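Structure, as structure tokens:
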Number of protein chains: 2
Amino acid sequence: MNFSTSEENYIKAIFHLQQEEDTATTNGLAAVLKARPASITDMLKKLKSKKLVHYQPYRGFRLTSEGKKVALSIIRRHRLWEYFLSEKLKFAWDEVHDVAEDLEHVSSKKLIDKLDEFLGYPRFDPHGDPIPDSQGRIEKHQQVSLSEIPLNKTAIVCHVGDQTSALLELMKHKNIGIGTKLEVKKRFAFDQSIEVKIRQQIPFNISELLAKKIFVKYGV
Amino acid sequence: MNFSTSEENYIKAIFHLQQEEDTATTNGLAAVLKARPASITDMLKKLKSKKLVHYQPYRGFRLTSEGKKVALSIIRRHRLWEYFLSEKLKFAWDEVHDVAEDLEHVSSKKLIDKLDEFLGYPRFDPHGDPIPDSQGRIEKHQQVSLSEIPLNKTAIVCHVGDQTSALLELMKHKNIGIGTKLEVKKRFAFDQSIEVKIRQQIPFNISELLAKKIFVKYGV
DNA sequence: TTATTAATTTAGGTTTGTCTAAATATATTT
DNA sequence: AAATATATTTAGACAAACCTAAATTAATAA
Ligand SMILES: [Mn+2]
Ligand SMILES: [Mn+2]
Ligand SMILES: [Mn+2]
Ligand SMILES: [Mn+2]
């Protein structure tokens, strides 16, 4: 099956909404797609007729298992292109998303599988999100935000909670990126800010807001 | 300015038609785009209102200089992607065109300029067609078909006249590709077939039809 | 449990890009 | 110079993907 750019954007957005809440709503989807609720209803009727969503009027909707498969293949394309842009074309971290948003709709399976091979089968995109394999299998790494890990345990940054350039700027300034090894030395009750140390460097302070956007894995 | 996929396909097709005949016709464009003449007329009105073509009803049309600039930037994207697919992803020669046909419509200037840099500023695509630079400058190499060059002069294959897999298959079998050095040893009047030698190998025969599709440069 | 509010759907348009069939303009023959 | 043939345009429709404004349904508060 082949889907229009618009259908693909809907399917992908529903998938992401379902990660939060099991069933997605018309207004919720309208908000993320920046479209009016009436347009969402129109498209949902179409997706339902194509058996990509379960949908009862007024009752919200969920992707069918077929719909999920399609969503994962779009996400695979998106994240592989993001990796390509960042790794090969040296795009900055906050520049990859918009371009990948277009590239993801070029749907040649051969293109994507060869791209994957060319890139060396990367497992995570530049934001630390896992890249589904060609069967649509996705690795869900149990990641914890910096604000939750125990003190004095070495942790590796593996994911960032959003992709704005504001966040990128701050992380660049503090020298933190995907893969950075660090440990939390102290937590201040007053403002929930934390003291972080990278290797032998002098520890520095991170706000609660930032700590919540930086996800790590640690321990065995 | 940004153009729709459809507008871009029209502009590019008009550009190619104009390489043959200075002014393009409704039916001619309908044939290459596989659309009905009425659709062509509709789109030409729009392109005219955007000042991309000179167009007088019933009199044919030509790209304006602005239209040519746009066409060249689409062709640049197309050929850079073809080069990428062939060189980096190891696509065969006759597989690159269709995928590039989609990729060419992703119009981020930064993407294309970085891709160009990543590829090392290639000057020709896998079919030997020149790639316009970021200013839209294109190199027109005066190429001659194998059926026209003088005997016993070393020539280098630089271009193929079409991109079908039938042609690719035959050229692969004869071990001829872009860059191959060869010379024509003899021409047979009976069927216009020619005897070709590649380096120290045993000369072999090539039909008139094939000779006309293989373009070379030679001499100083 | 009714009344009010919020969420969602329906009805009816619009734009883009396509099409068929009919009309018209240009080119080619006699 | 007509008559005929061919190329092109116009008229009118249609599907996709949007929209606004008006119902309608469901949720919540009185
Ligand atoms: Mn992204
Ligand atoms: Mn990402
Ligand atoms: Mn091509
Ligand atoms: Mn080419």
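What you see is a predicted model; the values in this text were computed from it and never measured. As a basis for the values below, the full set of heavy atoms in this structure was taken, side chains included, without hydrogen atoms, waters or symmetry mates.
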Do [X] and [Y] get their side chains close enough for a donor-acceptor pair, meaning under 3.5 Å?
| X | Y | result |
| --- | --- | --- |
| B/Asp191 | B/Ser207 | no |
| B/Ser4 | B/Ser6 | no |
| A/His127 | A/His97 | no |
| B/His173 | B/Glu169 | no |

Just the rounded figure in Å: distance from [atom2] of [N] to [atom1] of [X].
| X | N | atom1 | atom2 | answer |
| --- | --- | --- | --- | --- |
| A/Met43 | C/dT8 | CE | C1' | 17 Å |
| A/Leu29 | C/dT9 | CG | C1' | 15 Å |
| A/Lys46 | C/dT10 | NZ | C1' | 18 Å |
| A/Lys50 | D/dA17 | NZ | C1' | 12 Å |

Is any side-chain nitrogen or oxygen of B/Arg36 closer than 4.0 Å to OP1 or OP2 of C/dT18?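 The answer is no; no side-chain N or O of B/Arg36 sits under 4.0 Å from OP1 or OP2.
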
Listed in order of residue number, which residues of residues 2-15 of chain B have a non-hydrogen atom at under 4.0 Å from DNA chain C? B/Ser4, B/Ser6, B/Tyr10

Could you tell me whether the side chain of A/Arg79 and the main chain of A/Pro130 form a donor-acceptor pair under 3.5 Å? yes

I need the minimum non-hydrogen distance between B/Ala13 and B/Leu29, along with the two atoms involved.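 Looking at all heavy atoms of both residues, the closest pair is CB-CD1, 3.6 Å.
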
Let me have a per-nucleotide readout for nucleotides 7-15 of chain D, 5' to 3', with B, S or -, counting only protein heavy atoms under 4.0 Å. SBBB-----

With sequence neighbours excluded, what pairs up with A/His159 under the ring pair (Phe, Tyr, Trp, His ring centres under 6.0 Å) test? A/Phe215

A/Asp129 versus A/Phe124: any side-chain heavy-atom pair under 4.5 Å? no

